[in-house]
Amino acid sequence: MTPLVRRRLENFKANRRGYYSMWIFLFLFGLSLFAEFLANDKPIVLSVDGRLYFPIFEHVTEREIGGELPIEADYTDPFVLDLIESQNGWRISPPIPYNYSTIDLYIDASAPAPPSARHWLGTDDGAKDTLARLIYGFRLSVLFGLTLTALASVIGVSVGALQGYFGGLVDLIGQRIVEIWAGLPILLILIILASIVEPTVYWLLGILVMFSWMALVSVVRAEFLRARNFDYVRAARSLGVSNFVIMRRHVLPNAMVATLTYLPFILSGAVTTLTALDFLGFGLPAGSPSLGELMQQGKANLHAPWLGLTGFFTLATMLCLLIFVGEAVRDAFDPRRTMSSPTR
């Protein structure tokens, strides 16, 4: 580890708010990655008549556990539970015995049901557990945001690098294309496309990537314009090193310093965009767990305030954590802080 990298890490840790926010966010995201073990209507381990099953990973039919039907067992059905107990069976279930799509047919209140011991955060208007949908929706939103950020960063860095390094006509034409592309109404385009094709996760990701890469173009372009005439770049050219090798090995590492400070903010913007599209009904397919759908449920059911409050506090907490991490990363790569001792 070089002294410069060590100093940047010290500056990042010196920002206590951002440093602890990063660990809190990673902890919550890490838990959501195991959503199937936290919220699921299928047991993790099932023992029937001395045989072990793992319903989370395999398809276990009702006939295999002593029933009559050749379909997958419904573990929310009291008949199936009695069937397991009648054969001296046992099961280990997740702490939340509901999947994001599980409809509680045996709830003792009208949907949306208020928080209770059965449903810790209540249910939505479809009698689906709010906490289960929250866990799955949080994971989906973060994974979607990370994927969108990664793909958009690759495109934005590549376009900005080409414009800044070659300059001239390449930069002129590239800037005009970026300006025209940035002026296109993305929401109107999404509304039109949503009426033509059925939206999916990959379809929505592709559309948003097409309009999200422009945030990094100006930053990378400026860094390449500044660095392309440095002495070490001219020396590499005189030695016959190809342009793309110079861009990748000598100029890009310097440009990535400014780029990395933008990534947490791009991630928060991606999560917000997905939430807004889901809230307006132009996002993920119906029934998908998402924070925007939870917010829309809160708007449609004002008499069930737990829906809107759950979505609001989750989204607010997640965005605050990402913004705090972004501020800490920005301070870590600030040249003025890098050349001086970190203030604690």
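We use all heavy atoms of the structure for the numbers below, so side chains are in, but hydrogens, waters and symmetry mates are not. All residue numbers refer to positions in the sequence shown, counting from 1.
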Please determine whether a side-chain nitrogen of the Lys or Arg among [X] and [Y] lies less than 4.0 Å from a carboxylate oxygen of the Asp or Glu.
X: Arg139; Y: Glu36; value: yes
X: Arg118; Y: Asp129; value: no
X: Glu10; Y: Lys13; value: no

Heavy-atom side-chain proximity of [X] to [Y] below 4.5 angstrom:
X: Val45; Y: Arg91; answer: no
X: Trp306; Y: Pro112; answer: yes
X: Arg133; Y: Glu293; answer: yes

*Taking the six-membered ring for Trp, is the centroid-to-centroid distance between His119 and Tyr98 below 6.0 Å?*
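Yes, they do, as the ring centres are separated by less than 6.0 Å.
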Please check if the number of heavy atoms outside [X] that lie under 6.0 Å from its [atom1] is greater than 12.
X: Asp231; atom1: CG; value: no
X: Arg237; atom1: CZ; value: yes
X: Asn229; atom1: CG; value: yes

_Please verify the inter-ring angle class for Phe29 with Phe25; under 30° counts as parallel, over 60° as perpendicular, anything in between as tilted._
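If you compare the ring of Phe29 with that of Phe25, the planes turn out parallel.
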*Is Leu134 reachable from Leu143 through a run of hydrophobic residues whose side-chain heavy atoms are each under 4.5 Å from the next?*
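Linked within one cluster.
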*asked:* Evaluate Asp125 against Gln297 for side chain to side chain donor-acceptor pair (under 3.5 Å), listing each step before the verdict.
replied: CA-CA 8 Å; Asp125 55 10; Gln297 286 268 353; 3.0 Å; yes
Check [X] against [Y] and note the closest heavy-atom contact, atom names and distance.
X: Leu148; Y: Ala270; value: CD2-CB, 3.4 Å
X: Val233; Y: Arg228; value: CG1-O, 3.3 Å
X: Leu38; Y: Leu31; value: CD1-O, 3.3 Å

*asked:* Given Thr123, which partner from the list Leu131, Leu307, Ile107 fulfils the side-chain contact (heavy atoms from CB on, under 4.5 Å) test?
replied: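 With Thr123 as partner, side-chain contact (heavy atoms from CB on, under 4.5 Å) holds for just one option, Ile107.
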*Do any pairs count as a ring-ring contact (aromatic ring centres under 6.0 Å, His included) and have a residue in residues 47-92, sequence neighbours left out, and if so which ones?*
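Every ring-ring contact (aromatic ring centres under 6.0 Å, His included) pair that includes a residue of residues 47-92, provided the two are not neighbours, is Phe37-Phe57.
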Name all residues meeting the side-chain hydrogen bond (donor to acceptor under 3.5 Å, both in side chains) criterion together with [X]; count only those two or more places apart in sequence or in a different chain, and write none if there are none.
X: Gln87; value: none
X: Thr102; value: Asp41
X: Thr61; value: Glu64

*Members other than Tyr100 in its cluster, when Ile, Leu, Val, Met, Phe, Trp, Tyr link by side-chain heavy atoms under 4.5 Å?*
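Result for Tyr100 is Tyr136.
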*For Trp203, what residues pass the side chain to side chain contact (heavy atoms under 4.5 Å, CB included) criterion, not counting sequence neighbours?*
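For Trp203, the residues satisfying side chain to side chain contact (heavy atoms under 4.5 Å, CB included) (neighbours in sequence not counted) are Leu190, Leu193, Val197, Pro199, Thr200, Ile207.
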